[in-house]
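Below is one structure, written out as structure tokens, with a few remarks after it.
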Amino acid sequence: MASGVGYRGTNRCFPFWEDFQQCYFSSTQKTRSDCVNAKEDYLEKHSSIKDDKGSATKLTESVRRWEASVLSSQQNLNDIVEIFGVAKGINDEAAFVAIGSLGRIYTALWAKGLITRHKDRENPASSKVSDWLRDNYNQYTDLLRTMIRNGEAAMQVAALKLSLQMLGKEGQNMTQLSGAYEFPNEGYLATLECVLDNSKASEHLLRTLADSYLNSYDDLRMYFYRDVAKILSPDYDPFKGSRRNGASSSASRASALLEGTEVFVQNAFTVMNMVRVMPKAEVAQLDSMWVSVPEGQKAEPAVLIPADHKKAFSEAWLALMRQPMTADVYKQILMILHKRIMPHMVDAKSLMDFLSNSYDAGGSVSLLALNGLFTLITDYNLNYPQFYEKLYALFDRNLFHVKYRARFFRLFDVFLGSSHLPAYLVAAFIKRIARLALSAPPSGAVIAIPVVYNLLKAHPRCMALIHRMPGYDDETGEETVIEGEDPYLADEPDLAKCMAIHSSLWEMETLQNHYYPNIATLAKIFSEPFHKPKFMLEDFLDHTYATFFESDSSRKLKKAPALAVQTPTTLLRAGDAIGEFLVL
Amino acid sequence: MAKQSGNAKGENKSALKKLRSALSSAGLTGPKSQITKRDKKRGVHKANNIKTSERRHKLRAIQTALNPFEMKVNRKKLDVLGLKRKDDTVNVAVARQRAVEKRKTTIGEERRNRSRLGGMVDRRIGENDPTMDPEEKMLQRFTAERQKRARNSTMFNLDDNSDIEGEITSLTHFGQSINDMKDFDFNGSGDEFEEGNGAISKQDVAAVHFGGFEPQAADGSSERKKTKAEVMQEIITKSKMHKHERQMAKEQDEDIRRELDDDFESVRALLFADNDNTADKPMMKAAAGGRQEGVDRSYDTVMRELVFEKRARPQDRLKTEEEAAREEKDRLERAERHRKRRMDGLDSDTEVDSDDDDDNELKGYKTANKRRAVADDLGDDFAPAGSDDDDVDHTLSAKGLSLGAGLAADQSSDEDEEEDDDDNSDEEEDDGDSDQEEDAGSSDDEEDNDSELSGGEAEREEFKQKISKATAVKKPTANSNEIPFTFSAPADYEAWLEIVSEYSLEQQLVVIRRLRTLYHIRLSPQNKEKLSNLCIILAEHLAVLAEQDPPVPAAVVDEIVKHIGELAAIDAERFGEFCRQAVVDCHRRVTQAIRASASDMAAQSAMQRHGPSASDHGVRASDIALMRVFVSVFSSSDRYHTVITPMLVSICQYLSQYTFTTMKDIAGGLVLTGLLHETQRLSRRLVPEALNFLFATLAASVCSTDDASDWDGQFPLSRRQRQAYQILRITVAEKCHSRSVEPIRWSWLVSSENSGARSLTADPKYSVLRACLLLSRRFIGCYFSQSAFIECFMPLKCLLAKISERLPKFKLQQAPAEISLLLDDLRKYLDEQLEQAEASRAPLKMQYHKPLAIDTAAPKFESSYSLDVHYDPDRSRNETTKLRRQVNREKRGAVRELRRDAQFIAGERLREQREKDKSYSDKMKKAWGVLENDQSQLKKLDRMRIREQKGKIE
């Protein structure tokens, strides 16, 4: 570094280090690592510059020179054009330095108030200068956005930071001029669009946006939500102006739009998922602003009203949920819905349609939607007709195999917790669970057995399922003739008509003969007196093949394993099932 | 009666009046009949005497009648009709009197004798024993007498020299001890008798003949009478003499015997001449070389040999065929019983000794088996080793089947070699020396086989080098086929490779046999470890052989399996540990494969490409082979088994979570399903994963891959798997080339050449379909007795219907007849079983046990409560209370007895004191009387003297 002293005595690394210092000491622990990353990038680049590209060194040196000259005197404003040239040039390192120096220049200019357009009749020259500067500034912000859109990760982050910094200055300036709070939303919107509607958006970029800005500054967050909602609204035209470069024909536009939406939704969800801060009802909390609110303002700006925050939040999420999305995002939204989205919404009931559609979708989506729906039903008084029928329909053949079974059965335990449920309904569920347990892996069967036990224990009328004396019907008390045929109709979706209460749980008896000894032992409880009041379901939910295998293979060998009576004489026993279809 | 009359007469009379009236009414009081002197003389007093006993009787009656308090009435608890009880009423006074009398005889007696020291003790037999009747008494006394006499009769026992001085007098003749008289034999020296002319010397006559026996004064030395000590001395010397004679006789006998023994050697030589040359030699030498040198030694050695000679020992009776069969049957039955217990999850520990017995016996049986086999082997090996094996090797190497050749071929084809290496390296891992954690961490990424650059590959590289070194050694040279007869026992797989690297597979078998002979377990205790090493090595070797691409001939594999099966029993614990480690390794690969297949499929579906990497994971052929061996070596029907249960979990996880994309995977899956069937063949436990996989694979032949609803059944099916199953779908376009369906081949499991399964013809699809059908039938047979059989197999019915509906439609002409036959057969069978199951199924009665009593809060009510009865429901507490009461009662009784004793003693003491006092006072009175008398006499005399004096004076 010592060699890089500029001709005016400023180290050419100085601005970067300044930035770095500022970034490093003003940021939280998390974002600090970003600064460090940027520093490392810088150092790497720096050394490569030194090694390979003398031109880059030269360019950066001249950039420094120009910057210094612009800052020193208003006469040298034309050097900005030179710096622009570098910034737009092909040399990335130089461009990186150039945009940094431009940022500092414009910050200084904003502070001097030079950029603001004046309709100054008296001094057309200064008006002209400020107009020129203004155009130049607009060009600069456009350049930054292009960099966000196309650049590599480090460049993207730097550009985003600069861009938001510029916006802050601009907002400050506007607020000063008008005396009331003003947020430069147009630029912010454009920036956000660049960030979010960007298939090349790096994880780093999104994380920077969420962590360094949205989580820290209330106004940025609120406008973020507003803008997301705005961009996603159907009447929003992304092609007004010339923001998109490659959109020429309408067909490619449409496809680009579709693809873009998917990317946008993905990115927006990622960012929104990372935003953890939500203002409470107290106004006092809303104090960290990117564009500070002037004091003594009469009408409170929206950024200070929590209700408005809430509104923006709900609108953004609702807009997001209206979009077509990938299954992955869909599931993730459903997973966080009841805990992190619904409590902050203005009216959670507006999620009703979304949730019921998801619930009807079938498969694991339905399982995940159940949680949100349950919150709606219990907390928001939603009346869901035919809830149990739909719940019954959720018991499909994949249920015990999917990842979310634990989550589902936790809820299921709640749904069937009432002792006032009719016996036929409970019996139908029991029978269905037992039927599915027959083809379930051990990790599923180990859930099914306690669930069935709990249900039987809580609804003694269903005990007929495991114990039915001939000639006596539990329902009517009439004499019945029991035949071998199972009266249960497995395909009947109507709980009342599936006749489960007249059936028997042969499945559970068969599970007593399961190959996995623990399951077999557990299933034996049905043959024993029902002494145990209730199984704690939580103990059974988190089993997998891995845990079973682990527990089995780590058992100590107490004595030698039992050997077969007949020692084998061939690889395949005569009469072996394998021998029928396999030839060695 | 008296009591009644007393009661009836006067209720308000006083006791005295009552007594008086009772006495009078009994005629005891009142005006006494005048007994005159005349009467007395007539003997009336006699009658009066008779009357006294009557009188006493009457008096007692009155006494009892008058004092009701003396009568104690015992309460009856149960009134039994017709039962007379003695102690209805007890007279307390009488009882007390009796007790007092008893005390008089016991304590009183003791008391009286308490200060006595001496006295006579009557020791006559049975004198104080009242239980003996006199006859018995007499008899015992008689025998005692006889015994006593017999004891004394030893005096007449001439043999007994050990007379104790003073105790018994020896027999005498003319006052001389007979013992002394024996001496005369010697005195008259025997020599003279022999050498002389037959005349008896005068001396002798004098000494011996009648009239002799006199102490001879003439003889200087012997003229005086011998002292007792001298006599004794002589006796002693004589007895010594006798002893010496006896010894001499014995020695002579010995000599004769020795001679006999020597003769016996020649006889024995005849005995052993035909068979035992080595045993013969020393003996022959002994016979030839003369007896003088080392006869004894040679005799001893021969003797010892004889002792250890098996044929010399009487053998156990050979078991008859019947007995042997029965024993075998018993053994099998016991083993089966234990197996059943384990199957039910009971520990066979309850019969622990029998179990051990069983094990030992099993072991013994096995070793016996081995012993037989070994002997046979030895016989086989000896002659043909040189020639036969040569031939074998030539033929084999011509076919290219030998391991060396196989490996050499492997070197040429990169892919296979890599796989082989991979496998070998894994087998090395099995040894447990490599750090598995690291390995697991490194091999998590799916490109295990592709990228050699990832971390932890150095180890792999090392193995690769090792294996390539091993393969380099394995150049089968035509000349080096002579198999040596001895080998050093291989300690690990590498050592094994060094030994067998030069030999063909058949020769390897010979090596194994020879190793087993050389290190037979009976020969040395160290052999146990060597053999268990060998067992593990063989298992590893089997795994390697299973991976060979032109598959190893079944006979070789089978023999190795047989050896493993036999050797496993030697150290079952160690082998079990090894197997478990193998299962753990396999499970690690399974999880990797599942993860890799998931990510791979995701990548595929996204990019629509089918990379070769997809075929490289999945369970290996070696794993399958090993697992198959485990199933047959271990008791796989156990409810819990330390090797089998984890293995089952691992297989099931594979079947349910892996995405089967290639024909290799599917064939492997089917074999594993067959394996699962084999484990449940006896225990018939439900394995849902096996059924799911089977049905899904079955359905794959006809069901549409795009439409999820087409796949009816209970089995879960991911979209990914559904799409992958496309390769099994039998479509119209494909032709089946052959008329018959060929079975799945082991090579499918090994090679990945089938990975381009998309371009497959229909043949393998039909093979898979056939395998599925066969397996389905097996599983139907396995599970038909389950109560949920219908639920499990009803979907199969629909599926089969669908298959038979769709299959011929497509391929009426191409579908091999075998499939449709099989299909129809299976459908019929399934229908039958389903019908039967439905007919036999009844509603459950799982809660059919003793109904539980409802807890009640009502107090228990006793209709006839008694204080004496304990109503404690706790049995043991009740028992203890009872015991405690008993103890208390006894204690109280004892205390009472003691108190009475004390009272009695006090009474006695008082009585004695009184007697003493009385006698004293009497004595004193008497003395006083005498003295007073004297005094009075004296005074009288004095008075008289005074009177006289007065009279004189006057």
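First the proteins, then the strands, lettered A, B, ... as listed; each starts at 1.
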- Task: Decide yes or no on side-chain contact (heavy atoms from CB on, under 4.5 Å) for A/Y515 and B/T645, but give the supporting numbers first.
- Result: CA-CA 8 Å; A/Y515 78 95; B/T645 308; over 6 Å; no
- Message: Which residues pass the ring-ring contact (aromatic ring centres under 6.0 Å, His included) test with B/Y640, not counting sequence neighbours?
- Response: none
Chain B contact via [X] - side chain, backbone, both or neither, heavy atoms under 4.5 Å:
X	answer
A/Y516	side chain
A/F530	both
A/I519	neither
A/L399	neither

- CD/B/Q581 to OG/A/S553 distance, rounded to the nearest 0.5 angstrom? 9.0 Å
- Note on the structure: Here the gap from A/H514 atom NE2 to B/L686 atom CG, rounded to the nearest 0.5 Å, amounts to 6.0 Å
- Are B/R628 and A/D576 within salt-bridge range, i.e. N to O under 4.0 Å? yes
- A/E580 bridged to B/R770 by N-O distance under 4.0 Å: no
- May I have the step-by-step check of side-chain contact (heavy atoms from CB on, under 4.5 Å) for A/Q512 and B/M846, ending in yes or no? CA-CA 12 Å; A/Q512 294 184 344; B/M846 286 171 117; 3.2 Å; yes
- Item | Aromatic B/F715 / basic A/R397 pairing, under 6.0 angstrom, 45° off normal | yes
- Pair A/Y545-B/E689, side chain to side chain donor-acceptor pair (under 3.5 Å): steps then yes or no: CA-CA 12 Å; A/Y545 277 114; B/E689 288 90 342; 2.3 Å; yes
- Task: Begin with the C-alpha distance, continue with both residues' side-chain angles, and end with the deciding distance and a verdict on side-chain contact (heavy atoms from CB on, under 4.5 Å) for B/L844 and A/R468.
- Result: CA-CA 6 Å; B/L844 291 174; A/R468 188 188 301 279; over 6 Å; no
- So, the part of B/R684 with a heavy atom under 4.5 Å from chain A: the answer is backbone
- Query: Can you list the steps and then say if A/D552 with B/V649 is a side-chain contact (heavy atoms from CB on, under 4.5 Å)?
  - Reply: CA-CA 9 Å; A/D552 273 335; B/V649 172; 4.0 Å; yes
- Note on the structure: One option among B/A625, B/A572, B/S840, B/G576 has the most heavy-atom pairs under 4.5 Å with chain A, and it is B/A572
- Query: For A/T510 and B/Y783, what are the C-alpha separation, side-chain angles and deciding distance, and is it a side chain to side chain donor-acceptor pair (under 3.5 Å)?
  - Reply: CA-CA 10 Å; A/T510 302; B/Y783 290 143; over 6 Å; no
